[in-house]
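These numbers come from the heavy atoms of this one structure, side chains and all, not from hydrogens, waters or symmetry mates.
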Amino acid sequence: MKKAYFRYRKHPGDFLRNADLLELPNPDENLEDFLVSFLNHYQSDSRIAYINDLDKLLYNEFTDELNRLKFIKEIGEKSKLEIKEKIKQIETELKDEAFKNFYQLLLENKIEIIEKTFDQK
């Protein structure tokens, strides 16, 4: 079985990424790892925090009721379907940006792709 790995040729300069050899994340199976690896400014992108808050609202996971009510006031009353659609829309935007950045990193030779074959048992 073949797996693709990648590494930054030099440290990208943030706390979430490094120059270690990592499995190339499949955005359809693990969007978060793909975004962490290839989205510029993942840790400070306000859309990531917004998605996290939408997710907490969708699954009723706010630990503070005042924060939940404040967030609802900011975004307005939304149905579960509207929340899911908004999450999907933002994730698509983020994924597109990460793909563009991934491609740019390849063009600029800032990352290398390494393919390895492993025996399946």
Looking only at heavy atoms, what is the nearest atom pair of [X] and [Y], with distance?
X	Y	answer
Tyr8	Ile111	CD2-CG2, 3.6 Å
Leu35	Ala98	CD2-CB, 3.9 Å
Asp20	Arg7	O-CB, 3.4 Å
Ala19	Lys10	CB-C, 4.4 Å

[atom1]-[atom2] distance between [X] and [Y], expressed to the nearest 0.5 angstrom:
X	Y	atom1	atom2	answer
Leu94	Leu39	CG	CG	5.5 Å
Leu58	Ile51	CG	CD1	12.0 Å
Thr63	Lys56	OG1	NZ	6.5 Å
Ile72	Phe62	CD1	CZ	7.5 Å
Leu16	Asp33	CG	CG	10.5 Å

Next item on the list: Using side chain to side chain contact (heavy atoms under 4.5 Å, CB included) as the criterion, list what pairs up with Arg9, not counting sequence neighbours.
Entry: Asn109, Glu112

Note to self: The criterion is side chain to side chain contact (heavy atoms under 4.5 Å, CB included); which residues satisfy it with Ile75, sequence neighbours excluded?
What the structure shows: Tyr50, Leu54, Leu57, Phe71, Lys78

Checklist line | Pairs involving residues 66-75, ordered by first then second residue, that meet side-chain hydrogen bond (donor to acceptor under 3.5 Å, both in side chains) (sequence neighbours left out) | finding: Glu65-Arg68

Should [X] and [Y] be regarded as members of a common hydrophobic cluster, given that ILVMFWY residues are connected when their side-chain heavy atoms come within less than 4.5 Å of each other, either directly or indirectly?
X	Y	result
Leu105	Ile113	yes
Phe34	Leu106	yes
Tyr59	Ile90	yes

Next item on the list: Quick one: list whatever passes side chain to side chain donor-acceptor pair (under 3.5 Å) with Asp55, sequence neighbours left out.
Entry: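 Scan of Asp55 (side chain to side chain donor-acceptor pair (under 3.5 Å), adjacent residues dropped) gives none.
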
Check: With Asn60, which residues qualify under side chain to side chain donor-acceptor pair (under 3.5 Å), at least two apart?
Finding: none

Next item on the list: For residues 79-103, pull every pair meeting salt bridge (Lys or Arg N to Asp or Glu O under 4.0 Å), keeping only residues two or more places apart or in separate chains.
Entry: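 Qualifying pairs, neighbours excluded: Asp28-Lys95, Arg47-Glu97.
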
Check: So Phe102 and Phe38, would you call those rings parallel, tilted or perpendicular, with 30° and 60° as cut-offs?
Finding: perpendicular

Note to self: In the structure I gave you, are the side-chain heavy atoms of Asn30 and Glu32 within less than 4.5 Å of one another anywhere?
What the structure shows: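 In contact.
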
Next item on the list: Taking the side chain as every heavy atom from C-beta outward, state whether Phe6 and Leu22 have any atom pair closer than 4.5 Å.
Entry: yes

Checklist line | side chain to side chain contact (heavy atoms under 4.5 Å, CB included) assessment of Asn40 paired with Gln104 | finding: CA-CA 11 Å; Asn40 284 329; Gln104 192 64 38; over 6 Å; no

Check: Take atom NE2 in His41; do more than 12 heavy atoms of anything else shown fall under 6.0 Å from it?
Finding: no

